[in-house]
Enquirer: 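Encoded as structure tokens, here's the structure I'll be asking about.
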Amino acid sequence: MKKQKFLIIHCSATHEGDDIRPETIKKWHMGKSGRGWSRVGYSDVITIDGALHNLHFAKGSNPYDGFIESSEMTWGVRGQNSHSKHVCYIGGLCKETKDPKNTMTEDQSKTLEIYIKHEILRNPDLKVAGHNQFSNKSCPSFNVADYCCKIGLTMKNIHL
């Protein structure tokens, strides 16, 4: 069990407006038809309507204690999973191309803001980061540090 250090923001890398469901994300990640992972990559996902869906619940663990138990880990970023929680918004690509784009709806943005602030209330030393800060990827298709400043986070909670 490790103290949670990061909340890492992801996008599903799907086209703007595509209403991808949480069950689809699980299929993409797990089992023989997906990447073959034993767990999904994200703890939670925010659908285009702004609804928050839990994708990985570790029975018998306390998701509110500020620690990541091995049963709570999800596979969001290699090398960061043992001390990170991962949340994904549906979208991240232009409607017509595969170019990265911040496609968050207003509802998704509001939910993400509440989610981030809730996590920081539980863990005041938490750093918020984007997947692209740990991997050579465009995910989550926006600058997380700028977003965090816009929603009023202090610099101590922003991973630079």
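Throughout, numbering of the chain's residues begins at 1 and tracks the sequence. The basis for the numbers below is simple: all heavy atoms, side chains too, and nothing from hydrogens, waters or symmetry mates. Quick caveat, the model's predicted, so the values are computed rather than measured.
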Enquirer: Any side-chain heavy atom of P140 sitting closer than 4.5 Å to one from I9?
Expert: yes

Enquirer: How many angstroms lie between atom OG of S109 and atom CG of N102, to the nearest 0.5 angstrom?
Expert: 7.5 Å

Enquirer: Over all heavy atoms of both residues, which pair between S12 and G91 is shortest? Give the atoms and the distance, please.
Expert: OG-N, 2.9 Å

Enquirer: Under a 4.0 Å threshold between the charged nitrogen and the carboxylate oxygen, would D19 count as salt-bridged to R21?
Expert: yes

Enquirer: Identify the two heavy atoms, one from H56 and one from R39, that lie closest to each other, and give their separation to 0.1 Å.
Expert: CE1-CD, 3.6 Å

Enquirer: Could you grab the distance from atom CG of L52 to atom NE2 of H118, nearest 0.5 Å is fine?
Expert: 10.0 Å

Enquirer: With rounding to the nearest 0.5 Å, note down the distance linking CE in M1 to CZ in F67.
Expert: 7.0 Å

Enquirer: So, does T24 use its side chain to make a donor-acceptor pair with the main chain of I20 at under 3.5 Å?
Expert: no

Enquirer: Within the side chain of T111, is there an N or O that forms a donor-acceptor pair under 3.5 Å with the backbone of G50?
Expert: yes

Enquirer: Could you tell me whether the side chain of S141 and the main chain of G92 form a donor-acceptor pair under 3.5 Å?
Expert: yes

Enquirer: Working to the nearest 0.5 Å, report the span between CG of D44 and CZ of F57.
Expert: 11.5 Å

Enquirer: If you take all heavy atoms of L55 and K26, which pair is closest and at what distance?
Expert: O-CE, 3.0 Å

Enquirer: Give the minimum heavy-atom separation between S84 and I8, together with the two atoms involved.
Expert: OG-CD1, 3.7 Å

Enquirer: Take atom CZ of R122 as the centre, draw a 6.0 Å sphere, and report whether it contains more than 12 heavy atoms from other residues, nucleotides or ligands.
Expert: yes

Enquirer: Stepwise, does the side chain to side chain contact (heavy atoms under 4.5 Å, CB included) test hold for M30 with V40?
Expert: CA-CA 6 Å; M30 299 167 59; V40 69; 4.0 Å; yes

Enquirer: Decide whether L121 and M155 are clustered together by the hydrophobic rule: side chain heavy atoms of Ile, Leu, Val, Met, Phe, Trp, Tyr closer than 4.5 Å, transitively.
Expert: no

Enquirer: Checking L93 against T103 for the side chain to side chain contact (heavy atoms under 4.5 Å, CB included) test, could you report, in this order, the C-alpha distance in whole Å, the side-chain angles of both residues, the deciding distance, and whether it holds?
Expert: CA-CA 7 Å; L93 296 179; T103 64; 5.9 Å; no

Enquirer: Kindly determine whether N132 and S138 satisfy side chain to side chain contact (heavy atoms under 4.5 Å, CB included), including the steps that lead there.
Expert: CA-CA 6 Å; N132 56 1; S138 58; 5.9 Å; no

Enquirer: List the atom of Y42, the atom of H29, and the distance in Å for their closest heavy-atom pair.
Expert: CE1-CE1, 3.4 Å

Enquirer: Check D125 with K156, please: is the shortest side-chain N to carboxylate O separation under 4.0 Å?
Expert: yes

Enquirer: With a 4.5 Å cut-off on side-chain heavy atoms, are Q108 and I48 touching?
Expert: yes

Enquirer: Is a side-chain donor or acceptor of Q80 paired with a backbone partner of V77 at a separation under 3.5 angstrom?
Expert: no

Enquirer: Is there a donor-acceptor pair under 3.5 Å between the side chain of E119 and the backbone N or O of I116?
Expert: no

Enquirer: Would you mind checking if K110 and E113 are paired as a salt bridge, meaning a charged N to carboxylate O distance below 4.0 Å?
Expert: no

Enquirer: Would you say the side chain of V128 lies within less than 4.5 Å of the side chain of L153, judging by non-hydrogen atoms?
Expert: yes

Enquirer: Side chains of T47 and D49: any donor to acceptor distance under 3.5 Å?
Expert: yes

Enquirer: Just how far is it from atom NZ of K137 to atom SG of C11, taken to the nearest 0.5 Å?
Expert: 10.0 Å

Enquirer: Would you mind reporting whether Y147 and L112 have side-chain heavy atoms less than 4.5 Å apart?
Expert: yes

Enquirer: Enumerate the ring-ring contact (aromatic ring centres under 6.0 Å, His included) contacts for residues 120-139, please, sequence neighbours excluded, ordered by first and then second residue.
Expert: F6-F134, H10-H131, F134-H159

Enquirer: Do H86 and N81 pair up side chain to side chain, a donor and an acceptor below 3.5 Å, judged on atom types alone?
Expert: yes

Enquirer: Within the structure provided, determine whether Y89 and V45 are in side-chain contact (heavy-atom separation under 4.5 Å).
Expert: no

Enquirer: State, yes or no, whether a side-chain contact exists between H15 and E96 at a heavy-atom distance under 4.5 Å.
Expert: no

Enquirer: Nearest 0.5 Å, what's the SG-NZ distance between C148 and K150?
Expert: 11.5 Å

Enquirer: Counting distance only, does the side-chain N/O of K117 pair as donor-acceptor with the main-chain N or O of I151 below 3.5 Å?
Expert: yes

Enquirer: Could you walk me through whether E16 and K101 pass the side chain to side chain contact (heavy atoms under 4.5 Å, CB included) test, one step at a time?
Expert: CA-CA 8 Å; E16 183 174 14; K101 178 184 178 186; 2.8 Å; yes

Enquirer: Considering non-hydrogen atoms only, spot the tightest contact between N157 and P124 and give its length.
Expert: ND2-O, 2.9 Å

Enquirer: Measuring only between side-chain heavy atoms, which start at C-beta, is S135 closer than 4.5 Å to R78?
Expert: no

Enquirer: How about P22 and I25: do any of their side-chain heavy atoms sit closer than 4.5 Å?
Expert: no

